[in-house]
Every structure is written in C-alpha cells, then in structure tokens.
Protein chains: 2
Amino acid sequence: MPVTVLLVDDEPLVRAGLRAVLEAQPDIEVVGEAADGAAVIPLVRRLRPDVVAMDVRMPLLDGIEATRAVLRTVDRPPKILVVTTFENDEYVYEALRAGADGFLLKRARPAEIVHAVRLIAEGESLLFPASVRQLAARYGEGEGEGNLAARAAMERARLTDREAEVLRLMARGLSNAEIAERLVVGTETVKSHVSGVLAKLGARDRTQAVIAAYESGFVAPG
Amino acid sequence: MPVTVLLVDDEPLVRAGLRAVLEAQPDIEVVGEAADGAAVIPLVRRLRPDVVAMDVRMPLLDGIEATRAVLRTVDRPPKILVVTTFENDEYVYEALRAGADGFLLKRARPAEIVHAVRLIAEGESLLFPASVRQLAARYGEGEGEGNLAARAAMERARLTDREAEVLRLMARGLSNAEIAERLVVGTETVKSHVSGVLAKLGARDRTQAVIAAYESGFVAPG
DNA sequence: GATCGTCTCCCCCGTGCGGGGGAGGGCCGC
DNA sequence: GCGGCCCTCCCCCGCACGGGGGAGACGATC
C-alpha cells in the first residue's frame with residue numbers, strides 16, 4: 001500500500017516539482033493537488049491522503065490555519081508536512097504549534113523530500129531538527145530556524161521519563177554500555193530507549209539527537 | 001618502557017591511593033612523590049618522569065604555579081596531569097592555561113585514572129572534556145566545570161582550518177559521507193580529519209566531539 | 001476483563017565509525 | 001635543501017551502533 005500524498009501550494013511550479021519527485025517513487029502516490037488552504041478540507045475528506053504537503057504562505061487560507069482546520073474538523077487526520085521557503089520563521093513555528101507533523105524546505109534535494117514524506121507517513125515520528133540544520137548548513141546561513149524547529153520538535157515529541165533520562169546521558173557523551181551501567185539495566189534496554197529517542201526526534205543517530213537536545217534547550221551548555 | 005609518574009599532592013592518603021591504582025598497572029611506574037609544588041622542579045630534573053600528577057591546592061606552591069615553573073625551567077618537560085577535587089573551577093582553568101596537559105577528578109574510578117595517565121603520556125592529546133562531563137554526570141551535579149574544561153580544551157587544542165570546518169559540519173549532524181560530499185573530498189579524507197579532531201579534543205567519538213563543540217562555545221545553539 | 005503505554009530484554013544483521021597503520025604532494029620556514 | 005605541517009587518499013580491522021523484528025511484565029485506564 002503506497003503512501004498517498006496531497007499537495008497544497010499556490011504555485012503550480014512547486015506542485016509540479018513535488019509531484020515529479022514523489023511520483024518517481026514506487027511507494028509514493030500523489031492523489032491530489034490544491035492551490036490554497038481553503039480547498040484542503042473537502043479534498044482531505046474525499047481523498048483521505050496519508051500526508052498533506054502544505055505550503056505556509058497561501059493567498060486565501062495559509063498553511064497554519066489550514067493545518068488547524070484539518071486537525072480540528074477531520075477525524076483520523078493525515079500527517080501534515082509543512083513546506084516552506086524558509087523565509088519567515090514565525091510562520092513555520094506557528095504551523096508546527098498548530099499541529100503540523102513535519103517540516104521541509106523547498107530547497108531540499110529530491111532524496112530528502114522523499115525521505116521526509118516517508119518518515120512522516122510512517123509513524124509518530126514528528127520532526128527532524130538535525131536534518132533541518134543540515135539543510136540550513138548545506139544551503140548556507142539561516143541560523144535560528146533550526147533552533148525553532150528543534151524546540152518545536154522537543155515540545156511535541158513527548159519523550160517518556162526513561163527516554164528523557166537516556167537522552168540526557170547521551171548528551172553527556174556516554175555510550176550505550178555506560179548508560180546501561182549507570183541505569184542498572186541491560187544494554188538491549190538502552191538501545192531500545194535510544195531507538196525511541198531517535199524516532200521521536202527524527203534523528204538519524206545519537207549525534208543528531210544530542211544536537212537536537214542542545215538546540216532545543218533540553219540540555220544547556222555550561 | 002613503562003610510563004613513569006611523579007605524584008604531587010599534600011595529602012599522603014591521596015598519594016597512596018594514586019600509587020596503589022597506578023602501580024597495579026604493569027606499564028605504569030610511580031617513580032616519586034612530593035608533598036608540595038615547591039619540591040617538584042628538582043624531582044622532575046632528577047627523575048625525569050613522563051607524567052606529573054599534580055594537585056591544584058597545595059600549601060606552599062600550588063599546582064598552577066608549580067606547572068608554570070616546571071614548564072618554564074625544565075627542558076623537555078613532563079606531561080602535567082592536573083588532579084583536583086573539583087571544588088574550584090578557576091584553579092582548574094588557570095592550571096590548564098598555565099600549560100597543564102590534562103585534567104582529572106580525584107573521584108574518578110581507578111580505570112579512568114589509569115586511562116587518563118596513559119592518554120596524557122602517549123601523545124599530544126590534550127584534554128578530554130567529554131570524559132570530564134561523564135565524570136560530572138556519574139558523580140552527580142557539578143555543572144559548569146565541564147564547560148570550563150571544555151573551553152580550555154578548545155583553546156589549547158589548535159584545530160587546523162580543515163579540522164575546524166569538519167567539526168562544524170559534525171556539529172550539524174552530518175555523516176562522514178555527507179561531509180565528504182559537501183567539502184568535495186573523499187570519505188577517507190574526512191575520516192582522517194575526524195580522527196584528528198577526536199584526538200585533539202580527547203573525544204572518544206563524534207558525539208563527544210560535538211558535545212565539546214557546544215560546551216566550549218565553538219558552536220552555539222540557535 | 002481488555003487495552004494501552006511503558007519498561008524491560010532478546011534475536012539477527014548490515015554498516016558507519018574509529019583505530020592504526022602508511023603515503024604522496026604542497027607550502028612554509030629554517 | 002631539508003624538515004615540518006597540512007591536506008589528501010589508501011589499506012585492514014573490530015566493534016558499537018542502529019534497524020527491524022518480537023516478547024513478557026506491570027500499571028493505568030476504560
């Protein structure tokens with residue numbers, strides 16, 4: 001069963017680009033398009049996509065309001081992937097607060113776009129601040145956006161007590177074995193918690209998780 | 001050829017403890033002891049130890065002054081490992097600025113003490129802020145000390161331009177392959193730089209290096 | 001009673017990572 | 001000229017890491 005995606009962007013060119021990128025994947029299917037947030041709700045009801053790729057800036061109803069509207073009025077709502085050009089942070093942040101599940105730059109490489117859609121579709125995995133930072137680094141500058149995204153991610157990624165404890169120890173540089181020793185549990189257990197942390201933060205490895213911890217203020221230098 | 005160590009601490013108990021721990025190792029030999037910094041220089045000249053384990057607080061000549069004196073007056077000076085109870089950060093920081101090569105908590109476990117001595121003896125590897133943080137975490141509290149040590153480590157660990165660049169990208173969560181792609185070099189080259197960074201920071205893995213980068217202010221959140 | 005989330009531990013398995021070597025070329029300073 | 005540092009790339013190798021499963025025990029909630 002492929003991942004179904006609804007594209008919502010006022011620029012036809014962007015929609016076409018996203019469609020081209022996503023349709024190239026055998027496991028992803030673009031089931032519809034909309035030019036404005038105002039058209040989203042009926043489309044979501046009818047098409048029931050797994051993921052809505054939603055632009056932030058749209059003429060009638062912007063991505064934030066549209067996200068809120070979808071989550072408020074549709075039961076079993078789709079995952080919402082916020083797509084932005086990265087210009088205005090507050091919009092992004094607001095969209096995430098409104099309940100969006102992920103965050104993507106239009107400038108991202110095709111492989112990353114695909115990856116983001118799959119990630120969002122797959123699970124409760126919410127955001128991937130480290131990836132955002134990567135993009136920011138790759139395309140230069142843009143300090144601060146990653147931070148907001150990271151903070152939002154940490155706010156929304158409700159780690160369990162144990163996971164939070166593990167993350168704190170990871171952020172002190174401890175290995176899985178050392179964490180296990182410290183918490184008096186097996187290494188397999190630690191690995192399990194680490195996996196949980198990585199999934200919820202959308203981090204690829206422990207380094208990205210630690211970065212997210214610092215960026216979000218979960219741990220602070222000094 | 002074993003690593004030779006000179007112990008300098010005003011507390012006989014501490015000296016005895018260090019001696020017991022270190023002498024248990026076949027490759028480490030305690031060649032002398034001193035009760036105060038004032039006695040260090042002649043002993044160093046005579047015994048020519050590889051490492052001096054130096055307490056910070058001592059009645060006549062403290063570890064900072066003693067470190068300075070040794071480095072100033074002895075040619076091919078020994079490595080200096082600062083031993084402290086962790087109570088006063090400025091002393092530690094000052095000692096490191098004075099030219100000490102490493103940093104050790106008295107509360108450290110035997111295996112870690114041994115490891116520290118070997119590390120210091122082996123090479124130009126300077127400090128290991130992440131390890132310090134581990135100790136701080138393991139024995140609870142003590143926020144801030146790690147930061148000072150980390151900052152000192154970064155100041156003294158003169159990374160090359162390329163290494164600094166690599167560290168920045170590591171701190172954005174990029175893998176070796178991604179860093180290679182970004183810098184347009186081979187992955188082997190990146191691994192080489194990463195190894196350099198780890199050695200100079202005394203980090204065990206990239207996660208600890210990134211932690212050191214944050215703790216030292218080399219990279220800042222947000 | 002049934003369900004869900006959390007914490008715990010287990011398996012297999014691929015691979016990215018890091019250590020330890022070495023080697024060549026370029027640049028700079030002695 | 002020669003040594004030293006830096007950057008580049010190469011080899012082999014062991015292992016911690018992380019993915020992808022599963023499973024049992026406990027408590028809370030319904």
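In what follows, every chain begins at residue 1, and chains take the letters A, B, ... in the order their sequences are listed. The structure displayed is predicted, hence computed values, not measured ones. These values consider heavy atoms only, across backbone and side chains, with no hydrogens, waters or symmetry-generated copies.
- The separation between Leu174(B) atom CG and dC17(C) atom C1' is 15 Å, rounded to whole Å.
- Using a 4.0 Å cut-off between a side-chain N of Lys or Arg and a carboxylate O of Asp or Glu, Glu178(B) and Arg172(B) do not qualify as a salt bridge.
- Rounded to a whole Å, the CZ atom of Arg206(A) is 11 Å from the P atom of dG18(C).
- Taking atom CD of Glu181(A) as the reference point, atom P of dA16(D) lies 14 Å away to the nearest angstrom.
- Map Val185(B) and Glu188(A) each onto its nearest nucleotide of DNA chain D; the residue landing nearer the 5' end is Val185(B).
- The separation between Leu198(B) atom CG and dG18(C) atom P is 6 Å, rounded to whole Å.
- Counted by atom type alone, Asp50(A) and Thr4(A) present one or more donor-acceptor pairs between their side chains at under 3.5 Å.
- Whole-Å rounding puts the Ile179(B) CD1 to dG16(C) C1' distance at 12 Å.
- Between Arg204(A) and dG18(D), a side-chain N or O to OP1/OP2 separation shorter than 4.0 Å is absent.
- Put simply, Ser195(B) has no side-chain N or O that comes within less than 4.0 Å of OP1 or OP2 on dG18(C).
- For Lys191(B) and dT15(C), the NZ to P distance is 15 Å, given to the nearest whole Å.
- Nucleic acid contact class of Thr187(B) (heavy atoms, under 4.0 Å, all strands): none.
- Using a 4.0 Å heavy-atom criterion, one finds that Thr189(B) contacts the bases of the nucleic acid, with or without backbone contacts as well.
- Ionic pairing of Glu165(B) and Arg168(B) is not present here: no N-O contact between side-chain nitrogen and carboxylate oxygen is shorter than 4.0 angstrom.
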Give the C-alpha distance, both sets of side-chain angles, the deciding distance and a yes or no for side-chain contact (heavy atoms from CB on, under 4.5 Å) between Met54(B) and Leu81(B).
CA-CA 6 Å; Met54(B) 178 100 73; Leu81(B) 178 61; over 6 Å; no

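- Residue Thr160(A) has its side chain nearest to dT6(C) when only dG18(D), dC12(D), dT6(C) are considered.
- The distance between atom CD of Glu165(A) and atom C1' of dT8(C), rounded to the nearest whole Å, is 14 Å.
- Contact between the side-chain N/O atoms of Asn176(A) and the OP1/OP2 oxygens of dC17(D) is found at a separation under 4.0 Å.
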Check the pair Asn176(B) / Val194(B) against side-chain contact (heavy atoms from CB on, under 4.5 Å), numbers first and verdict last.
CA-CA 8 Å; Asn176(B) 288 340; Val194(B) 169; 3.6 Å; yes

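- Between dG18(D), dC7(C), dC17(C), one nucleotide has an atom nearer to the side chain of Arg162(A) than all others, and that is dC7(C).
- Rounded to whole angstrom, the span from the CG atom of Leu183(B) across to the P atom of dC9(D) amounts to 10 Å.
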